[in-house]
Amino acid sequence: MAKSRRYKTAREPLGTSPGTLTYVGQEVTHGTRINRIEYNAETFQMDESGRLSLCQLPAIDVPHVTWLDVDGIHQPPVIETIGRHYQLHPLLLEDVVNTEQKPKIEQYNDSLLFVTMKMLHGEKSGAEIDAEHVSFVLGPNFVISFQEERTADIFAPVLERLKASVGKTRRYGADYLLYSLMDLIVDDYFRVLDGIGETLDYVEQRIISQKAGQLTLSSLYALKRELALMRRYVWPLHDMVSLMQRDESGLIRPATQPFLRDLHDHVSQVIETLDAYRDLIPTLMDMHLSTTSNRMNSVMKTLTIFSAIFMPLTFIVGIYGMNFDNMPELHTRYGYFAVLGAMVLVVAGELYYFKRRGWL
Amino acid sequence: MAKSRRYKTAREPLGTSPGTLTYVGQEVTHGTRINRIEYNAETFQMDESGRLSLCQLPAIDVPHVTWLDVDGIHQPPVIETIGRHYQLHPLLLEDVVNTEQKPKIEQYNDSLLFVTMKMLHGEKSGAEIDAEHVSFVLGPNFVISFQEERTADIFAPVLERLKASVGKTRRYGADYLLYSLMDLIVDDYFRVLDGIGETLDYVEQRIISQKAGQLTLSSLYALKRELALMRRYVWPLHDMVSLMQRDESGLIRPATQPFLRDLHDHVSQVIETLDAYRDLIPTLMDMHLSTTSNRMNSVMKTLTIFSAIFMPLTFIVGIYGMNFDNMPELHTRYGYFAVLGAMVLVVAGELYYFKRRGWL
Amino acid sequence: MAKSRRYKTAREPLGTSPGTLTYVGQEVTHGTRINRIEYNAETFQMDESGRLSLCQLPAIDVPHVTWLDVDGIHQPPVIETIGRHYQLHPLLLEDVVNTEQKPKIEQYNDSLLFVTMKMLHGEKSGAEIDAEHVSFVLGPNFVISFQEERTADIFAPVLERLKASVGKTRRYGADYLLYSLMDLIVDDYFRVLDGIGETLDYVEQRIISQKAGQLTLSSLYALKRELALMRRYVWPLHDMVSLMQRDESGLIRPATQPFLRDLHDHVSQVIETLDAYRDLIPTLMDMHLSTTSNRMNSVMKTLTIFSAIFMPLTFIVGIYGMNFDNMPELHTRYGYFAVLGAMVLVVAGELYYFKRRGWL
Amino acid sequence: MAKSRRYKTAREPLGTSPGTLTYVGQEVTHGTRINRIEYNAETFQMDESGRLSLCQLPAIDVPHVTWLDVDGIHQPPVIETIGRHYQLHPLLLEDVVNTEQKPKIEQYNDSLLFVTMKMLHGEKSGAEIDAEHVSFVLGPNFVISFQEERTADIFAPVLERLKASVGKTRRYGADYLLYSLMDLIVDDYFRVLDGIGETLDYVEQRIISQKAGQLTLSSLYALKRELALMRRYVWPLHDMVSLMQRDESGLIRPATQPFLRDLHDHVSQVIETLDAYRDLIPTLMDMHLSTTSNRMNSVMKTLTIFSAIFMPLTFIVGIYGMNFDNMPELHTRYGYFAVLGAMVLVVAGELYYFKRRGWL
Amino acid sequence: MAKSRRYKTAREPLGTSPGTLTYVGQEVTHGTRINRIEYNAETFQMDESGRLSLCQLPAIDVPHVTWLDVDGIHQPPVIETIGRHYQLHPLLLEDVVNTEQKPKIEQYNDSLLFVTMKMLHGEKSGAEIDAEHVSFVLGPNFVISFQEERTADIFAPVLERLKASVGKTRRYGADYLLYSLMDLIVDDYFRVLDGIGETLDYVEQRIISQKAGQLTLSSLYALKRELALMRRYVWPLHDMVSLMQRDESGLIRPATQPFLRDLHDHVSQVIETLDAYRDLIPTLMDMHLSTTSNRMNSVMKTLTIFSAIFMPLTFIVGIYGMNFDNMPELHTRYGYFAVLGAMVLVVAGELYYFKRRGWL
């Protein structure tokens, strides 16, 4: 089944009216968990009760940042309720639940920024990359984060830093919170890259040491496919962060800009590493082909040398196995030994010839 | 015949004066079916009588949207009559009937938008993609849709939604209708992609499990050709929707913009998937070549081992088949058994040698 | 000789002063034919006398379009005379006679547009593409067309339409005439494409049905070269027509714009088809290589099976052909038949083994 | 271990708050060396005591250039102290110590320019390229240079020129000093390129003279990887120097511009040479494959000729080794010699046939 | 030695202060020759005495064009003297003597244009391309040309035209002289292209006629390297001439513009031809590989057919060479002839089988 999923795009049923919320991702059995966190430099408050009534749009002038952490996007009614509270566009909500949506950034009516991207798992070498659909809504003083309810809360490290009030997160605004969450996801890409690098390393070793078989080739091909997939997830981030850097809505404060520049750098580094890896694959394929050819060459040489040596010998002994009445050599005293000697000379001559051609 | 069509572009006869209507598509035996639908948020009216007199240009100030659904473009006089009623440019009509026309968008004198694109069939894996030529004319309060009369009406789902008044279609204007129809076609591309993905999956399986033959290679090649074809049909849509988003004629209302952005996303997704598929093909070719080489290598090894073992043995038994008078070994008591033993040693030595070279 | 021409660019002698007219094309034996046609919506007049005195610059305010159709560019003095009459720049005339000049468009002092392009012949599949150098000069109310004097007049269809007054040509100005002539040439590209498509079809068939030999490969290579050549001729047209669409000199009337847009479409279609064809060639090469490998594989298997079966058998019969005095088996009653039976068992065992490895 | 490092990006621990200084490069055992040099056209003063108190921000109006040469970036506290003295942004300091940071240029609040790039070692052919992380901070009248403490001070030549007051360095400002240091690093790239060129030369020789084995292929692959790595280090310099040329902060004086243009030229030359080298690698791979095929061809021909000659001969002598009672030829007088003669004819015929096919 | 030079960039010693003149080209034994030519439409004067005092900057208002033709750039002091007289920037002079400098154009303080490019030799097919470093300085009414002193004066044809007063050179200004000299160099590129085309032709013939060996492959590889080299020399010219066309300094007069447009055309043609040639090389490599495979296939078939025919026969005759006491067939009257007949049948059967598989 895993196989047949590979080249299949999960889609809502044909002819569905645009703006209808349909969850198309993997099946989930848990409910949706909702945390509401309110903080500023001095205070920190967290409500894990998960009641939907929590999801009130905070007044524009409250002096703290509100973070609504929604863990689970498989229940359209929940998402719709949140959307109603925060006055989100139906198409925005569709992108939140559509796990096939590729990363993008969108501005909604000047005071909302919508960001969707992919959290990647699969750090162990050889494992298939697993992408989790994550979305953010940034308002003037709030952030809503949506994630699939599959693994533990992926934003835990940021929550820890907020609680402990280490780093600058508590002192900066909602935009810095958004940056922190995105940075967390991008940092994870390096872990996935390390896993891929390890596989590449292994495959390369196998090919260079001439131990590569059909399995190694399949790994190489799988690697290529994974790099292509990952590239599709990471590539849009480049432009997305650029767009955030040129933001004109006032949602991104100037103090956050250097951090976005840093994030942009990291994304570039991920893309460059990806491209460097991708570039090596055809050369590895070529090397494997060359290696196979070299090996076949050596097999063929062995065969040819054996044949060239034993065919003439077998012919010679065949001659004196004939039953003609009149074969004078047969009746000489040392004919047998003369023939043996002649055969030694033939072999010596051939060996010399092969040596000179570099086949031995 | 299907073969010889492949690299042939259907064209009107050479030297035809520009603007002459000539149908160059597949032969059609039915007549042209014309539906006229008028609706707004409250009312819905549909005339299926198909009389050409239906095709009156609606007054600019009628409070409903008119949709003229023309099913069949193979009768130039019918198209010309419609063109006269709606005051369409002769070159526009030429593009409506020219089934070889690639997708494009064109603005005619500020109040008409002409869109032509391809409906794709071929969702079953392995089937050739079949493209149907579809065109739209968007006016201030009307849409004319033209389709080839080959399959059932492809716009049925939108018609159903209009009748049932579900979704937003009834409440929005003619531009939203155009969007709905285009969205329907783009949604179908995903079905075709799934068919292609299935074929790719199958070919990949065959190659990895080393079962690929000449037929698999041909499929791969056909796949490549189909992806190239589909790309030519889908690629222009990217710019077309962008142009609609930047529309300055006032034909596209601001409320429709988020939906166009969504459509743009879908088109991008189709193109990316296409390109990802296309990218895999050369690697699959290489893998197949490598697999073939590996297999040949193993065949060669078998041959070489057989030859290397039996050639010396045959030579040895040949020696003692010679008829020399003076061959002392022949007359010893255990000569025969000594030779048999020597041959066992030779074989053992060779097997050891091949083992060490990793050939066994 | 045809071969040695292939990678040779015909050039005027080194060190020639710029602006010197030197004809470098194929040798021509006829003289230059000049037709002067004057027409407007009502009148049509044609002078085929070919006298050079015909080539007078028409007054700016005559109420008809003048078309000077020059058939032959191999006599520099004739071209120079025409150039003097119409006050054409020496470099323009150089481009008219330089058959190696690639397609381009140039504006000369605001009231002259110079267009040069290639007429392609070679619609029969397999024939080499033959390019004819064609140039146009567009003035406010005249067009001069230059063509090589090699085939019949290639502009005959337009002339016919002018005479018969069908289509719009007689009612439109000189710019529409230029468009008609260019459209005629571009239409011919589709014929050449069809020839190429047919060859591609044939080569593809041969390769897929495993009948491709050295000759097929050469065709493929020739195809690649021709597509590259044709691309060099067609590619510049894309920008040229765009430039005409953005013309600011007033030479191109607004009414002609939709037709230029149409021409632009056709050029795009030619380029896309070319690129699609070009893209298939490396895949075909790869397929051929794979096919050859597959075939060799099957040859090798046959050889290996034969060797593996007969080598042991020959060895066994060799044993009992030895002449040792003491070989007990030889003197048993059914030894011979026992050996025959043993050999049948050996063969059966090997056949079973090859069957299991999938070699049979 | 060197192997496993290859595809691993050194990163700070996951979830670290942005702006935290963590050294991720190779382990270093020495302390940090700090030199403070002050000079203008007349005076030159150098303090090698290395006390951190040296790192005072020079007043904006002192009439000399201050160069702080920091040799060692593995002690975060030292870097932090310097950062505090010179009021450097925490993200800037993070880039100074992050040895995985790719080359970049950044402007900080109008009066600071931050440049980081890679010093490359590895001029000996075959050696792996080793990159040292180097950073510069350019202020109105000072330059801070950071380098890893691994080799001798790489800026010694510039220091010598400053001491000896040769060249223009003493007469120009801090921007020229920055240029000199960058130029020094770029000049070194040519040395590395020479080493790579030498390896390429050697590999090419081996392949052309048909002596290439598995080892040569591995070198080629390593070369490709090194060129890719080097490209990632050098490519950003192109834009960086361009940005310095378009500098608007006033930090770069007009008199320094021609030198930056020269630096830009050098960087372009490095990139072009890199790309030219990279371009040759697939062709070399192909040549090697072709060579291997050619060689196998010649081996196969040898085998085939031997088989074709000796198989029929062995068969013929086999016939007359049969023990049938009634074989008339056996009892003729010259039967033996007739058979020998026939075999000579067979061989002669075959040799003639192979000669004609060009196999001999 | 020629080999080891291939991938080596000649550079001044490391750490040399920027702006120091160091000649890095091939060794030259002659002195520097300097010609000073003064001309306008009426007068022409030439001083070949070569005294350095000739190199005076002409007054801005003299009514003639001065051309200083410097033949030899290996004596830095001479170049420095000229530089002082004409007030040239040290970095400009460095580019004049640096034979590794790639083509570029630079504007110096509004009234000087510096152009450096490569003169190519090597028109004979197969010869290595040899690049000569040429530089021009264009002032308001003078041109200085620098060339390596290796061959005869390459500007002789322009000098002849100036002397004879043919063409427009005498009537136009210094900018036209610069154009003429550049045009001369670009014209020579076509000669080099012809040489390359001839080699390509030869290689192609060899490969198609299946006569290509290791030497042909090496030629192909050398060709690729030369095309890459030539491309690096010609490519920058494209932008350089564009820049001259958009010149704003007033150094290029409007009357010279059409000629620059012509020059631009020629450069484009060279680049396109180069790219077309380059594009063919991988296909030729592929064809050669396919050819080799085809040939090996035919060798293998021959071997297999021989083995398949003679192995069974040898086995059969081996059977009747056994020495069993009880072999009834041996004592029948026509046993021998029956066996011969059986063998004929075996051979006929096999030949039929191979025929049907298309191996014969």
Side-chain angles (χ1 to χ4, degrees), chain A residues 157 160-161 166-169 180 183-184 187-188 190-191 193-194 196-198 200-201 204-205 208 210 258-259 261-262 265 268-269 272-273 276-277 279-280 282-284 286-287 289-291 293-294 296-297 300-301 303-304 307-308 311-312 314-315 318-319 321-327 359, chain D residues 3-4 6-9 11 14-15 17-20 89 91 94 100-102 104 106 213-214 217-218 220-221 224-225 228-229 232 281-282 285-286 288-289 292-293 295-296 299-300 302-303 306-307 309-311 313-314 317-318 320-323 327 329-336 339-340:
Chain A
E160 289 313 308
R161 287 215 300 271
V166 297
K168 311 162 201 65
T169 326
S180 301
D183 191 48
L184 198 68
D187 268 1
D188 248 17
F190 286 99
R191 287 233 308 274
L193 275 184
D194 266 6
I196 290 177
E198 235 174 274
L200 192 58
D201 226 20
E204 188 187 311
Q205 295 281 16
I208 288 181
Q210 311 205 20
F259 296 96
R261 197 159 66 177
D262 199 57
D265 263 23
S268 302
Q269 203 179 335
E272 272 178 19
T273 311
Y277 285 177
D279 231 43
L280 291 173
T283 315
L284 280 175
D286 279 9
M287 269 191 71
L289 206 59
S290 274
T291 301
S293 282
N294 274 342
M296 181 142 23
N297 231 331
M300 290 302 304
K301 270 186 211 157
L303 173 59
T304 303
S307 302
M311 279 182 157
T314 305
F315 164 63
I319 290 179
M322 291 196 289
N323 297 322
F324 282 101
D325 289 354
N326 181 18
M327 289 179 69
W359 289 9
Chain D
K3 290 273 168 191
S4 66
R6 194 175 282 156
Y7 297 123
K8 203 161 159 62
T9 37
R11 297 283 306 166
L14 197 78
S17 169
T20 313
H89 195 280
L91 286 174
E94 205 185 326
E100 293 296 319
Q101 175 60 45
K102 63 165 195 171
K104 71 171 173 183
E106 274 179 359
Q214 190 64 16
L217 274 188
S218 302
L220 206 55
Y221 178 72
K224 190 186 161 97
R225 219 174 35 215
L229 188 72
R232 281 169 69 194
I281 288 179
M285 278 280 182
D286 279 8
H288 181 253
L289 206 59
T292 314
S293 282
R295 227 150 45 182
M296 183 144 21
V299 171
M300 290 303 302
T302 308
L303 172 59
F306 264 97
S307 302
I309 287 179
F310 285 105
M311 278 182 157
L313 299 187
T314 304
V317 301
Y320 296 104
M322 291 196 289
N323 297 322
M327 289 179 69
E329 302 97 313
L330 292 180
H331 310 297
T332 55
R333 180 143 200 177
Y334 300 109
Y336 174 47
V339 165
L340 289 184

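Order of the sequence lines fixes the chain letters, A, B, ..., with proteins taken first and strands second; residue numbering starts at 1 for each chain. Note that this is a predicted model, so its numbers are computed, not measured. Worth knowing before you read on, the calculation uses all heavy atoms, side chains too, and leaves out hydrogens, waters and symmetry mates.
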Looking at D:Ala228, D:Ser218, D:Gly318, D:Ser293, which one has more heavy-atom pairs under 4.5 Å with chain A than the rest? D:Ser218
Look up atom CG in A:Asp325 and atom CG in D:Leu330, then write down how far apart they are to the nearest 0.5 Å. 6.5 Å
Could you tell me which of A:Asn297, A:Asn326, A:Thr314 has the largest number of non-hydrogen atom pairs under 4.5 Å with chain D? A:Asn297
Check: A:Phe259 and D:Leu91 side chains under 4.5 Å, non-hydrogen atoms: yes
A:Gln269 vs D:Lys102, side-chain contact (heavy atoms from CB on, under 4.5 Å): CA-CA, chis, key distance, verdict: CA-CA 8 Å; A:Gln269 203 179 335; D:Lys102 63 165 195 171; 5.5 Å; no
Intermediate values then yes/no, side-chain contact (heavy atoms from CB on, under 4.5 Å), D:His288 and A:Met287: CA-CA 10 Å; D:His288 181 253; A:Met287 269 191 71; over 6 Å; no
Quick check: closest heavy atoms across D:Arg225 and A:Glu204, and the distance to 0.1 Å? NH1-OE2, 2.6 Å
Under a 4.5 Å heavy-atom cut-off, does chain A meet the side chain of D:Met311, its backbone, both or neither? side chain
If you take all heavy atoms of A:Thr273 and D:Arg232, which pair is closest and at what distance? OG1-NH2, 3.6 Å
When rounded to the nearest 0.5 angstrom, what is the spacing between CG in A:Asn294 and CZ in D:Arg295? 6.5 Å
Roughly how far, to the nearest 0.5 Å, is the CE atom of A:Met322 from the CD atom of D:Glu329? 11.5 Å
List in chain and number order the residues that pass salt bridge (Lys or Arg N to Asp or Glu O under 4.0 Å) with D:Lys224, two or more places apart in sequence or in another chain; answer none if no residue qualifies. none
Contacting moiety of A:Ala308, where chain D heavy atoms sit under 4.5 Å: both
The reported gap from CZ in D:Phe306 to OG1 in A:Thr304 (rounded to nearest 0.5 angstrom) is 9.5 Å
Among the options D:Asp286, D:Thr332, D:Leu289, pick out the one with the most heavy-atom pairs lying under 4.5 Å from chain A. D:Leu289
I'd like to verify something: which residue of A:Leu284, A:Asp279, A:Leu303 has the highest number of heavy-atom pairs under 4.5 Å with chain D? A:Leu284
Measure the spacing between CD1 of A:Ile319 and CG of D:Leu340 and express it to the nearest 0.5 Å. 6.0 Å
In this structure, CE of A:Met296 is separated from CE of D:Met300 (nearest 0.5 Å) by 10.0 Å
For residues A:Phe324 and D:Gly335, report the shortest heavy-atom separation together with the two atoms involved. CE2-C, 3.5 Å
